[in-house]
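All heavy atoms count here, side chains included; hydrogens, waters and symmetry mates do not.
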Amino acid sequence: MATLPSDNTVAEAGPTPPKRKKDRTHWLYIMVIIAVFAGAAIGLIAPEAGKALEPLGKAFIALIKMIIAPIIFCTIVLGVGSVARAATVGKVGGIALVYFLIMATFALIIGLVVGNLIHPGEGLKLEPYEAAAGGESGGTVDFLMSLIPGSIPVLPTLVLALLVGFALQSMGKAGEPVLKGIGHIQAVVFKLMMMIMWAAPVGAFGAIAAVVGKTGWAAIGAMATLMGAFYLTCALFIVIVLGSILKIVTGLNIFLLLKYLAREFLLIFSTSSSESALPRLIAKMEHAGVSKPVVGITVPTGYSFNLDGTAIYLTMASLFVSTAMGMPMSLGEQISLLVFMIIASKGAAGVSGAGLATLAAGLQSHRPELLDGMGVIVGIDKFMSECRALTNFTGNAVATLLIGKWTNEIDMDQARAALNGSTPFDEQSLEPDAHGAPEVTEDEPTEKAKVSVN
């Protein structure tokens, strides 16, 4: 007679690895694209109906504002702790952090320069929601809007987060449980952020319909100009800036590096996040001759602190909103915004929409009246997310090779052979990760990289 297997038999077979949840964020991406085109169509065909949909975009921005302060607090506190831990590993960590700070500042400056040259959003003349809102449904709309909690001031939150972070640093091991607790709170905040992002298609639909209803084809042209300028700026940054530094320091060719990482770029493009390619970048940098310690420190730290594409996006998008609203920022405001973004961009998380929250935080801290213009950015943010992720990823690959060279922890002959294809990368070396049993060296950086790029 057949018998059921005993518990011992199950134990001998080993624990069944937990099923990974299916990533459904690609559906969000598709819905946002559909919403953008539907909103533009409504705005062109029935302008008055498009204008009436403006409260949808306003409500979504209010939800984003609600979550800004918790995101900034958690990421900055944990970020300060990460800096301390990275610096303790010695020369590699110190060089990496200095390099990341310099490149992030440089990327932000480039974004400001390009934004001031092309004046994205010029001619749109968007109005604040309160000035443009219709009258009859105002009572219902105001009531529904009042259900969304108000925002918390960002700059005091930033200062408090920095002070808490430094205080926890000074506590040493006694502060580690608190940092771990804040990490758990951050996970809740990011989950809430993801829940809010599922409302992005509705917000994008309302915002795009309203702006196209008011300005017609001018809005579509302005959004296309911003996206084109952003893609071109990122491409030039990779080829000219990163390519020149890579050539001068290591003698390696940026185009060979891009070819070497082609599969990773395809993966990032399909997911809109560079986090998906983290294990592959670690493996490929080691195959390119960079020592394990340098790769193990530089790559995960870079995923949190070396966000060149995000930096360019934040500054260009800020200038777009201010120009579109007819409220251009002075040079002093732009510089102070740049300083804020240098700090706040370190908390731009790999969770979809956190880059949008960081942008909202910068605007709220400097020019709160500009937040109403962010509805347009919501619609085109997804179109720029792949470029942000690709630029961030390339910046981290270049940084790993540079730091390997500066610390004499790279085999240059192996690097040249890997990049020109004479010693091809063994794809089967990544099979353990695909079967749900990643090595510790790949799993730990992934945890740290949860506060990265998008």
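In plain terms, the two heavy atoms of I196 and L63 that are nearest each other are CD1-O, 3.6 Å. Closest of all the heavy-atom pairs between G39 and F205 is N-CD1, 3.5 Å. Looking at every heavy atom in both residues, T423 comes nearest to Q414 through OG1-NE2, 3.8 Å. Looking at every heavy atom in both residues, M285 comes nearest to A397 through SD-O, 3.7 Å. Shortest non-hydrogen contact noted between S318 and M329 is O-CE, 3.9 Å. Nearest heavy atom pair, residue I410 against residue V290, reads CD1-CG2, 3.8 Å.
You'll find the side chain of F393 reaches within 4.5 Å of the side chain of L261, heavy atoms only. Contact of the L258 side chain with the F265 side chain is registered, since non-hydrogen atoms from C-beta on lie closer than 4.5 Å. You'll find the side chain of L226 reaches within 4.5 Å of the side chain of M384, heavy atoms only. A heavy-atom distance below 4.5 Å is not found between the side chains of V249 and L401. With contacts defined as side-chain heavy-atom distances shorter than 4.5 Å, the pair M412/T250 qualifies.
To the nearest 0.5 Å, the span separating CE on M316 from CZ on F230 amounts to 7.5 Å. In this structure, CD1 in I254 is found 14.5 Å from NZ in K259, a value given to the nearest 0.5 Å. If you take CZ on R263 and CG on L266, they are separated by 9.5 Å, rounding to the nearest 0.5 Å. Atoms CG and CZ, from L162 and F166 in turn, are 6.0 Å apart once rounded to the nearest 0.5 Å. Going from atom CZ of F106 over to atom CD1 of I102 covers 11.0 Å, rounded to the nearest 0.5 Å. Distance check, rounded to the nearest 0.5 Å: CD1 of I118 to OG1 of T233 gives 6.5 Å.
For the side-chain hydrogen bond (donor to acceptor under 3.5 Å, both in side chains) with N306, the lone residue among N396, T400, T298 that qualifies is N396. A side-chain contact (heavy atoms from CB on, under 4.5 Å) with D308 holds for exactly one of T391, T394, I238; it is T391.
Partners of D413 by side chain to side chain donor-acceptor pair (under 3.5 Å), not counting sequence neighbours, listed by chain and number: R416. Qualifying side chain to side chain donor-acceptor pair (under 3.5 Å) partners for S291, counting only residues two or more places apart in sequence or in other chains: E409. Every side chain to side chain donor-acceptor pair (under 3.5 Å) that Y260 has, sequence neighbours left out, goes to H287. Partners of T225 by side chain to side chain donor-acceptor pair (under 3.5 Å), not counting sequence neighbours: none found. Residues passing the side chain to side chain contact (heavy atoms under 4.5 Å, CB included) test with S422 are A417, N420, sequence neighbours excluded.
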CA sep, side-chain torsions, deciding dist, call: L246, L242, side chain to side chain contact (heavy atoms under 4.5 Å, CB included): CA-CA 6 Å; L246 184 66; L242 295 180; over 6 Å; no

Criterion side chain to side chain contact (heavy atoms under 4.5 Å, CB included) on L257 and V398, from CA distance to verdict: CA-CA 8 Å; L257 177 62; V398 170; 3.7 Å; yes

N392/T310 under side chain to side chain contact (heavy atoms under 4.5 Å, CB included): CA gap, chis, key distance, verdict: CA-CA 7 Å; N392 292 337; T310 302; 3.0 Å; yes

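More than 12 non-hydrogen atoms from other residues, nucleotides or ligands lie less than 6.0 angstrom from OH of Y231.
A side-chain donor-acceptor contact under 3.5 Å links T315 to the backbone of I312.
Within the structure, the salt bridge (Lys or Arg N to Asp or Glu O under 4.0 Å) test picks out no pair touching residues 232-246 (sequence neighbours left out).
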